[in-house]
Amino acid sequence: MAKGASDPGGQDAAAVDPLAALVGPLVDALTAALAGPDRAAVARLLDTDGGDGWDVAIPLHRVAAAAHRSAPELAIELANTLPAIPGVVRRFAVGAYVNFEADPAWLAERTLAMIAVRGDRYGTWEGSPATVCVEHTSANPNAPFHIGRVRNALIGDTLARVLRAAGSPVTTQYYVDDIGRQSAMVTWIWSKPKESWPPEILETLQGADEREERADHYLGRPYPAVSAYVKTHPEAAAELASLSERLERGDASPEHRRYCEAILQGMLASLARVGVSFDEFVWESSLLHDGSVERVVERLRKAPHAVVEENGALAIDTSVYGLPTEEARAIVLRGNGTTVYPTRDVAYHLQKFARFARVVDVLGQDHLLHAKTLKALLTEIGETREPEFVLYQYITLPGEGRMSTRKGTVVLLDSLLDEATDRARAEVRSRNPELGEGAVEEIAVALAAGAVRYHILRVAAEKSVAFRWEDALSFEGRSGPFLQYSFARATSLLRKASEEGVSLPPKADGSLLTTPAERALVRVLARLPRTVANAARTTHVHSIAGYGHDLADAFNSFYQLTPVLKAEGGERESRLALVAASRTALGNTLALLGLARLDRM
RNA sequence: GGGCGCGUCGCACAGCACGGACCAGUGCCCCGGAUUCCUAAUCCGGUUGACGUGGGUUCAAAUCCCACCGCGCCCGCCA
């Protein structure tokens, strides 16, 4: 319903966005004719969703009211007096609206030509050189990924892809917390000889084989039990506290780093299975060792709202920032002189600000207070810049609520992927009996990853998701494999065409692409650049997933209803060009979502 | 108690930024069809039905405002 006409602007949009070629001149003509609202206001008013017999519409209630005129009259007048607009074959008034119908041939030719020229760059924009840092995932190195934790990684990774497509140079960072209590628990238990482990912790190793399990799985086993144990055993808690303190002071044994490193590598292997990787890793300890945390502490001591607590702890009075803490203060330095996480995070952000024009953090919604505290602390030390936060809600388990590694109520990413791969393997085999094992495996793995990735990405970040196996494992309908299947179909059709010696025309004849299915497909194809621009601006990566489904859907309808290779002459060539354009757009969308492009499946 | 977020067909989601019409879309489920033809993980058609409640603003509200209800998360010298 309306909108979508916003101008991503700043460049010659018509060179990268087929709809801009249609909408741009339309906006110009309307702005001139209305002689009231400016260009941007007119563009905002436009509805580019398309409907029954129209592609672009403008409601005139508001402009008419401002001009003290009747909207229907103005609509009729406008429809009659507007000059000819390139690409628009028909305009007509309906009530308070003027509807414009694009010339389908014109739109098809422009869109297909642009896709052919832009290739894998279709959908991307030439942006500014302003660099962006997207920090995401940053999970403590203490246990394997469960699918709740992985939502962060998928949103962050996809956001990075989308921002790059929108024209920003993006660097992704994973902040590795090797200082805190969580990772200290790992070293605390594993640095003890197993004979001395409390039985309830040792029990977690039952049936485990160090040689067969990846480090994150194996070394992460005792974590929930350790977490519970230290709550009820003060002497253990004291040991842990002392270890934490030593870690912060930098004189802990080197084995701690080895444990963190090993678990992290395991976790990254998990993420690699769903196509997530990082440009850079920032170890929290490095900020302590290079003195940047200390410099932050010095600045915080001089902060306008700094207060020293009775035991020597340093706090910031946050009452002016309206933070919803009971005591309206944020501790930044403990009584024992060590720092807390927010303090170190300030140092990390200063480092990011020094290198990047834009700083984006992907955070679970339980970190909201921390995000606000971080902003307050940055303000306190006189920093004027602030990070942008992309918050997401949790994936919950029916009856269990939010997943918790500590509580052991999790569905592991690896388990989900394993199950998905098993199902995909069986499916691929039965459909492609002639395929070798290697090829089957490769396709199954790609489909499993696609299903899981898409399933999590399709929901808006701010919605919580109730996890259900059967939904996560679906390969039909609104799913990753549906998109991948469409791409494979298009690829296979093009392959066949080339085998039969049918080649792509230098230029498609748009006047031959006029069936409803063809027109609908062209329209969806033309939408990709705007969809990318909107997703980047709003950080709503789920809209790309929605677009992908629309595109696959339109392509499949066309595919089913329209013979291509069996058509003749120019019709065959033009349809083939439409298939090629669809394959390109589908492939680009798949890349945006981080799904593998399969030539067959 | 305070803060933030969410509430749309039986289920799961989109639409809300910047309020617009013409049936509020989609997937799953259910029913009926399509394969001598480019991959049926698909397509075509059908049934059902929903904007949490109550107010307000407006020519126009799923969309904006207020209140309430329900659910989730947070309110550590944890991270």
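Keep in mind that the numbers below use all heavy atoms, side chains included, and drop hydrogens, waters and symmetry copies. Proteins come first, then strands; the chains are lettered A, B, ... in the order of their sequence lines, and each starts at number 1.
- Minimum atom distance to the side chain of A:Arg62 is reached by B:G19, of the listed B:G19, B:C77, B:A14.
- For the pair A:Arg90 and A:Phe92, the cation-pi criterion (under 6.0 Å, within 45° of the ring axis) is fulfilled.
- Between the C1' atoms of B:C28 and B:C65, the separation comes to 36 Å (whole Å).
- Among the heavy atoms of the strands, none lies under 4.0 Å from A:Arg423.
- Comparing A:Leu369 and A:Arg600 by the nucleotide of RNA chain B that holds the closest heavy atom to each, the one mapping nearer the 5' end is A:Arg600.
- The pairing partner recorded for B:G10 is B:C28, the criterion being a Watson-Crick or G-U wobble arrangement whose two distances lie under 3.5 angstrom.
- Figure legend: A:Arg151 and A:Tyr392 shown without cation-pi pairing, the cationic atom not lying both under 6.0 angstrom from the six-membered ring centre and within 45 degrees of its axis.
- A 3.5 Å limit on both hydrogen-bonding distances identifies no Watson-Crick or G-U partner for B:C78.
- Of the two residues contacting RNA chain B, namely A:Asn311 and A:His540, the nearest-nucleotide position lying further toward the 5' end is that of A:His540.
- Backbone-only engagement by A:Glu476 is indicated by non-hydrogen atom pairs under 4.0 Å involving sugar-phosphate atoms exclusively.
- In a base pair of the Watson-Crick type (N1 to N3 plus N6-O4 or O6-N4) or a G-U wobble (N1-O2 and O6-N3), with each distance short of 3.5 Å, B:U48 is matched with no nucleotide.
- With respect to the salt-bridge test (charged N to carboxylate O, under 4.0 angstrom), the residues A:Arg423 and A:Glu476 do not qualify.
- Across every strand in view, B:G19 sits unpaired, with no contact that passes the Watson-Crick or G-U test at under 3.5 angstrom.
- Taking the six-membered ring for Trp and thresholds of 30 and 60 degrees, A:His542 and A:His540 have ring planes inclined between 30 and 60 degrees apart.
- The nucleotide whose nearest atom lies closest to any side-chain atom of A:Trp54 is, among B:C22, B:G72, B:C74, B:C22.
- Straight-line distance between the C1' atoms of B:A14 and B:U8: roughly 10 Å, to the nearest whole Å.
- Across all strands shown, B:U42 forms a Watson-Crick or G-U wobble pair, both distances under 3.5 Å, with B:A34.
- Rounded to whole Å, the separation between the C1' atoms of B:G72 and B:C22 comes to 39 Å.
- The side chain of A:His549 sits closest to B:U26 out of B:C38, B:U26, B:A14.
- In this structure, B:C71 and B:G5 make a Watson-Crick or G-U wobble pair, each of the two defining distances being under 3.5 angstrom.
- Base pairing analysis places B:A60 opposite nothing; no Watson-Crick or G-U wobble pair with both distances below 3.5 Å involves it.
- Among the atoms of the strands shown, base atoms are found under 4.0 Å from some heavy atom of A:Leu565.
- Between A:Tyr348 and A:Gln173 there is a side-chain heavy-atom pair separated by less than 4.5 Å.
- Among the protein residues, A:Val564 comes within range of the nucleic acid bases, having at least one heavy atom under 4.0 Å from a base atom.
- Nucleic acid contact class of A:Ala57 (heavy atoms, under 4.0 Å, all strands): base.
- Counting non-hydrogen atoms under 4.0 angstrom, A:Thr562 reaches a base of the nucleic acid.
- Using a cutoff of 4.0 Å between basic side-chain nitrogens and carboxylate oxygens, A:Arg495 and A:Asp599 are not scored as salt-bridged.
- Using a 4.0 Å heavy-atom criterion, one finds that A:Asp471 contacts no nucleic acid atom at all.
- At a cut-off of 3.5 angstrom, counting only N and O atoms as typed in the model, there is no donor on one side facing an acceptor on the other between the side-chain of A:Gln560 and the base of B:C43.
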